[in-house]
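Here is the structure we will look at.
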Amino acid sequence: MAANYKLVRNPNPNAKEPEKTLPLHPRLVSSGTLYWDKFIERAKARSTFSPADMKGIMQLFQDMMVDYLMAGYNIELGGIGTFSVSLQGRPEMEKSKIRSESIHFKTVRFRASKELKERLKAMPVFRDKEKASDPSYLPAEACEEELFHFLETNPYITSREYRTICGCSRSKAALDLRKYTQEGKLIRKRLGNLHLYYKATDGKGEPDSGINH
């Protein structure tokens, strides 16, 4: 089994040097998603467990992970990695203004084990037939729609979260968030080293031409 890659060139985020071309870098070409039923079907040939047994074991793992993650534990699965929970709440500078009711679950984080990463170092990759190209991000309209859909249920968005929902690079996220801020669609605030972007409720944000990421 092997994977394919393509060469992509990110847009230049430096407005002072728009003509500058950034170097190419490899990006994995997805082979698709291996869904659970198909995964079990393919695992059948490598195991003495029945598909029903494997489904039962995985359901047990999921149930126990939920219980212990909710209790504040990290869960380390030998040879795979460690799962942990992150929290989120509205940003405040004073502890006295923060209430437990405003703190809630954000996401599950996964840190791959050293063993898993070592085994993947032997991963064979081949050049995709396509020529080198610019990255294929979601269309601008779709990114904007996803952004404001996210802000309907979240008080703010970070550059990392924007990259996740739009599937884009750090430099593309910087360009987009700068554009939305300058257009008055977002308001940018800083909390420590983190930049937070809020929806401009009156449509008149606070443009900041000096955004740095």
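Computed from a prediction, not measured in an experiment: that's the story for all the values here.
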The complete set of salt bridge (charged side-chain N to carboxylate O under 4.0 Å, His left out) pairs with one or both residues in residues 147-158, sequence neighbours excluded, reads none
- [ ] Fit a plane to each ring of F39 and W36, take the angle between them on a 0 to 90° scale, and name the class: parallel (under 30°), tilted (30 to 60°) or perpendicular (over 60°).
- [x] parallel
**Prompt:** Within a strict 4.5 Å, meaning less than it, do heavy atoms of the I187 and Y197 side chains meet?
**Reply:** no
cation_pi(K189, Y198) dist<6.0 Å, angle<=45
yes
By salt bridge (Lys or Arg N to Asp or Glu O under 4.0 Å), D37 pairs with (sequence neighbours left out) K55
N74 meets the side chain to side chain donor-acceptor pair (under 3.5 Å) criterion, sequence neighbours left out, with none
* Asked: Can you find a pair of side-chain heavy atoms, one from C143 and one from Y162, that are under 4.5 Å apart?
  -> yes
Notebook entry, point to check: Can you find a pair of side-chain heavy atoms, one from E76 and one from R111, that are under 4.5 Å apart?
Noted result: no
When you compare the side chain of R163 with that of D176, does any pair of heavy atoms fall below 4.5 Å?
no
Of all heavy-atom pairs linking S86 and R109, the shortest is CB-NE, 3.4 Å
### Query
Taking side chain as C-beta onward, heavy atoms only, is D53 less than 4.5 Å from T48?
no
Sequence neighbours excluded, the answer for salt bridge (Lys or Arg N to Asp or Glu O under 4.0 Å) partners of K114 is none
With sequence neighbours left out, the residues meeting side chain to side chain donor-acceptor pair (under 3.5 Å) with N4 are none
Tightest non-hydrogen contact, residues L177 and S159, listed as CD1-CA, 3.8 Å
* K179/E144 salt bridge by N-O under 4.0 Å criterion -> no
Nearest heavy-atom contact between S113 and L116 is OG-N, 3.1 Å
Tracing side-chain contacts under 4.5 Å among Ile, Leu, Val, Met, Phe, Trp and Tyr outward from V66 reaches M70
What one should report as the nearest heavy-atom pair of L196 and T158 is CD2-CG2, 3.9 Å
Residue set satisfying ring pair (Phe, Tyr, Trp, His ring centres under 6.0 Å) with F148, at least two apart, ordered chain then number -> none
Residues at least two apart in sequence or cross-chain that pass ring pair (Phe, Tyr, Trp, His ring centres under 6.0 Å) with F150, listed by chain then number, are none
Applying side chain to side chain donor-acceptor pair (under 3.5 Å) to K121 and not counting sequence neighbours gives E118
Margin query: Taking F126 as the starting point, is it possible to reach L7 by hopping between hydrophobic residues whose side chains are less than 4.5 Å apart?
Written below: no
The salt bridge (Lys or Arg N to Asp or Glu O under 4.0 Å) partners of E115 (sequence neighbours excluded) come to none
Taken in chain and number order and not counting sequence neighbours, the residues that satisfy side chain to side chain donor-acceptor pair (under 3.5 Å) with Q88 are N154
Applied to residues 102-122, the ring pair (Phe, Tyr, Trp, His ring centres under 6.0 Å) test, sequence neighbours excluded, yields F83-F110
Nearest heavy-atom approach of G89 to Y156 is O-OH, 3.4 Å
Distance col, row E41:CD vs M54:CE, nearest 0.5 angstrom, shows 10.0 Å
Exercise. Does a side-chain heavy-atom distance below 4.5 Å link I165 with E146?
Worked result: yes
Within 6.0 angstrom of H25 NE2, more than 12 heavy atoms from elsewhere: yes
On a heavy-atom basis, the closest approach of M64 and I75 is O-CD1, 4.4 Å
